[in-house]
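Worksheet for the structure shown next.
Lettering follows sequence order; numbering is per chain, from 1. Excluded from the calculations below are hydrogen atoms, water molecules and symmetry mates; all remaining heavy atoms, backbone and side chain alike, are included.
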Amino acid sequence: MLKTHFISDLTPTLDGKEVIVAGWVHLIRDLGGKKFILLRDKSGIGQVVIDRNSQAFQVAKDLTQESTISVKGVVKADKRAPNGVEIHALEIRTLSVAKAPLPLDVSGKVKADIETRLKERLLDLRRPEMQAVLRIQNSVVKAFRETLYSKGFIEIFTPKIIATATEGGAQLFPVIYFGKEAFLAQSPQLYKELLAGAVERVFEIAPAWRAEESDTPYHLAEFVSMDVEMAFADYMDVMHLIEDIFVNMVEYVKKNNEEDLKLLNHELPKVSKPIKKITYKDAIELLQSKNVNIKFGDDISTPELRTLNKELGEDLYFIIEWPASARPFYTKRKDSDPNLSESFDLIFRWLELVSGSTRNYKREVLEEELKARGLNPVNFEYFLKWFDYGMPPHAGFGMGLQRLMLMFTGLQSVKEISLFPRDKKRLVP
RNA sequence: GCCGCAGUAGUCUAGCCCGGUCUAGGAUGAGGGCCUGUCGAGCCCUUGACCCGGGUUCAAAUCCCGGCUGCGGCGCCA
């Protein structure tokens with residue numbers, strides 16, 4: 001047996017009990033006649049004491065940092081120990097010896113550049129800070145799923161190898177599919193809409209790919225997209241849903257990841273319903289009043305969003321009702337003003353986290369909107385044909401997980417969040 | 001892709017402006033020694049580096065040019 005307890009299971013009440021713990025050698029403090037090993041497992045770091053007289057002493061002599069070991073020992077409650085409890089080793093089994101020196105200091109004494117960290121990513125992911133990020137991400141995803149489950153959504157899985165571009169715009173990665181040209185999906189957009197036409201409420205958490213030049217702390221060639229589509233609903237309905245999701249995610253992380261947040265020295269932004277909404281038109285006017293050179297129809301780019309964030313004084317805000325021309329063909333125009341659309345972006349400070357809209361659900365309208373963007377409806381027949389058979393009105397949104405995680409961790413780059421980021425220059429590890 | 005900044009041992013960093021005293025300093029790691037309560041353990045010894053190529057100069061880590069790589073901002077992009 002290699003392990004009977006996780007390190008965090010050990011409490012002073014177990015005093016005198018024989019246990020087996022296993023993990024990585026985080027740090028060794030060698031006092032000559034006595035050694036202390038800080039042993040790390042998924043649950044935390046605990047102290048193993050090795051006395052000169054024990055059998056374990058000889059084995060411990062050859063240990064290196066990050067080697068994996070299994071320790072049979074007796075739990076001792078001792079106020080001198082870091083958690084008030086420690087293990088006095090009887091027997092140590094070396095499971096795997098780590099080479100020294102390590103290419104990255106896991107114990108945190110010497111900080112490494114992001115470049116080194118990504119290159120030596122597995123060691124980086126052993127750092128307590130990165131483990132905290134992973135646990136927070138797990139909570140975020142769990143709260144997202146559970147909010148949607150509670151509202152009757154079901155999780156779907158759509159094809160990631162597709163025949164044609166979904167939205168125009170973004171560049172796709174081509175793949176050779178049994179001798180034919182195909183592409184990696186940039187978004188599950190069209191499939192999730194179709195599925196909402198079958199089961200009403202769907203969501204998907206899956207990778208998406210964009211072959212863009214974008215070289216910023218907010219872009220990845222491969223990212224995780226959290227997508228939702230809801231039939232018999234409009235953009236206002238899905239914004240309410242987003243508010244519920246965000247409130248739940250923040251509450252869940254606050255409750256379950258207190259230690260992780262402390263470790264990252266991060267405080268979550270306050271999120272309460274309703275989240276501030278500003279129309280695109282008002283946003284443009286506000287920017288113009290601050291002497292920003294911008295006009296109706298322009299995209300609101302990062303520098304402008306920074307200004308908006310400052311002026312609004314809100315961490316989280318919706319920009320709603322974008323010009324229809326600035327949105328993809330499936331976005332429904334506003335009945336009262338066809339130049340505008342029933343759309344929204346949710347912005348965290350100056351970073352777009354979510355983008356959504358009411359969708360067009362009438363075939364004629366979709367065909368017109370495709371043509372208006374220079375796209376050929378014939379190429380979208382696989383999608384359009386289903387609109388002949390009772391497609392309900394629907395609305396939905398997509399959210400970038402790595403960007404969302406910046407809000408939950410205080411990290412500065414999605415490359416730090418992604419375990420093995422893919423960008424213009426990185427294909428390994 | 002553009003602009004700015006940077007690249008020094010396994011890792012992190014000082015030195016670069018004002019070229020020579022740099023035989024490149026420190027931390028951490030690694031090897032060795034001392035040490036039975038460390039908790040960033042301590043003390044002593046040892047080890048290991050100027051991104052690549054060209055140029056200026058008596059002399060280049062230091063100045064100049066080009067390349068590569070990274071970071072930030074922007075662009076492209078949801």
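On the P atoms, B/G54 is 26 Å away from B/C16, given to the nearest whole Å. Spacing of P atoms, B/G42 relative to B/C5, comes out at 39 Å, to the nearest Å. Here, B/A49 and B/U28 have their C1' atoms 15 Å apart, quoted to the whole Å. For B/C64 and B/A27, the C1' atoms lie 34 Å apart once the distance is rounded to whole Å. Straight-line distance between the C1' atoms of B/A59 and B/G10: roughly 32 Å, to the nearest whole Å. When the P atom is used for both B/G15 and B/C51, the distance is 15 Å, rounded to whole Å. Across the P atoms, B/C71 and B/U13 are found 14 Å apart, a figure rounded to whole Å. Across the C1' atoms, B/U8 and B/G70 are found 15 Å apart, a figure rounded to whole Å.
Residue contacts shown for A/Glu213 include a base, since a base heavy atom lies under 4.0 Å away. Backbone-only engagement by A/Thr302 is indicated by non-hydrogen atom pairs under 4.0 Å involving sugar-phosphate atoms exclusively. Residue contacts shown for A/Lys35 are absent, as no nucleic acid heavy atom lies under 4.0 Å away. Among the atoms of the strands shown, none is found under 4.0 Å from any heavy atom of A/Arg117. Within 4.0 Å of A/His88, counting heavy atoms only, lies at least one base atom of the nucleic acid. Among the protein residues, A/Glu304 comes within range of no part of the nucleic acid, since none of its heavy atoms lies under 4.0 Å from any strand. At the heavy-atom level, A/Ser107 lies nowhere under 4.0 Å from the strands shown. No engagement by A/Glu120 is indicated, since no non-hydrogen atom pair under 4.0 Å with the nucleic acid exists.
Checking B/A78, B/U38, B/G73 against every side-chain atom of A/Arg306, the shortest atom distance belongs to B/G73. Looking at the side chain of A/Phe36, the nearest of the listed nucleotides B/C35, B/C77, B/G37 is B/G37. Across B/C39, B/G72, B/C76, the shortest atom-to-atom separation from the side chain of A/Pro217 is found for B/G72. For A/Asn53, taking side-chain heavy atoms from C-beta onward, the closest of the listed nucleotides B/U36, B/U38, B/A78 is B/U36. Taking the side chain of A/Trp322 as heavy atoms from C-beta on, and the options B/U36, B/G37, B/A78, the nearest nucleotide is B/A78.
For A/Glu212 against B/G75, a side-chain-to-base donor-acceptor contact under 3.5 Å is absent. Between the side chain of A/Arg327 and the base of B/A78 there is at least one donor-acceptor pair of N/O atoms closer than 3.5 Å. For A/Lys109 and B/G40, a side-chain-to-base donor-acceptor distance below 3.5 Å is absent, hydrogens and geometry of angles not being considered.
None of A/Lys424, A/Lys415, A/Arg426 except one satisfies the salt bridge (Lys or Arg N to Asp or Glu O under 4.0 Å) rule with A/Asp215; the exception is A/Lys415. Results of the side-chain contact (heavy atoms from CB on, under 4.5 Å) test with A/Leu125 over A/Gln131, A/Met130, A/Glu120 single out A/Met130 as the only residue that passes.
The interatomic distance linking A/Asp62 (CG) with B/G32 (P) rounds to 9 Å, in whole Å. The separation between A/Asp423 atom CG and B/C77 atom P is 19 Å, rounded to whole Å. Atom pair A/Ile37:CD1 and B/C39:P shows a separation of 16 Å (rounding to whole Å applied). As rounded to whole Å, 13 Å separates atom C1' of B/G29 from atom CD of A/Glu66. Counting to the nearest Å, the P atom of B/G37 and the CZ atom of A/Arg52 are 12 Å from each other. A straight line from NE2 of A/His26 to C1' of B/U28 spans 14 Å, rounded to a whole angstrom. Nucleotide B/G40 holds its C1' atom 13 Å from the CD1 atom of A/Ile45, rounded to whole Å. Protein atom CG of A/Leu27 is 10 Å distant from nucleotide atom P of B/G40, rounded to whole Å.
At a cut-off of 3.5 Å, with distance as the only test, a side-chain donor of A/Ser43 or A/Asp41 sits close to an acceptor on the other residue. Under 3.5 Å, the side chains of A/Lys160 and A/Thr158 contain a donor-acceptor pair of N or O atoms.
Scored by the ring-ring contact (aromatic ring centres under 6.0 Å, His included) test, A/Phe296 finds A/Tyr280 as partners (sequence neighbours excluded).
Atom NZ of A/Lys142 has 12 or fewer neighbouring heavy atoms from other residues, nucleotides or ligands inside a 6.0 Å radius. Other residues, nucleotides and ligands contribute over 12 non-hydrogen atoms within 6.0 Å of the NZ atom of A/Lys3.
Along RNA chain B, the nucleotide nearest to A/Gln65 and the one nearest to A/Tyr218 differ in position, and the one closer to the 5' end is contacted by A/Gln65. Take the nearest nucleotide of RNA chain B for A/Lys415 and for A/Thr64: the residue whose nucleotide is more 5' is A/Thr64.
For A/Asn248 (side chain) and A/Ala143 (main-chain N/O), no donor-acceptor pair under 3.5 Å exists by modelled atom type.
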Q) How would nucleotides 3-12 of chain B be written as a contact map, 5' to 3', with B for base contact, S for sugar-phosphate-only contact and - for no contact, using protein heavy atoms under 4.0 Å? A) -------BBS
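A close approach under 4.0 Å does not occur between any side-chain nitrogen or oxygen of A/Thr216 and OP1 or OP2 of B/C74.
Using a 30° and 60° split on the angle between ring planes, A/Phe380 and A/Tyr382 fall in the parallel class, below 30°.
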List, one per line, each side-chain donor-acceptor pair under 3.5 Å for residues 341-353 of chain A, sequence neighbours excluded.
residue	atom	partner	partner atom	Å
A/Ser341	OG	A/Trp322	O	2.7
A/Ser341	OG	A/Ser343	OG	2.7
A/Glu342	OE1	A/Thr358	OG1	2.7
A/Glu342	OE2	A/Lys332	NZ	3.4
A/Ser343	OG	A/Trp322	N	3.1
A/Asp345	OD1	A/Arg327	NH1	3.4
A/Asp345	OD1	A/Arg327	NH2	2.7
A/Asp345	OD1	A/Ser355	OG	3.0
A/Asp345	OD2	A/Arg327	NH2	3.2
A/Arg349	NE	A/Asp315	OD1	3.0
A/Trp350	NE1	A/Tyr218	OH	3.1

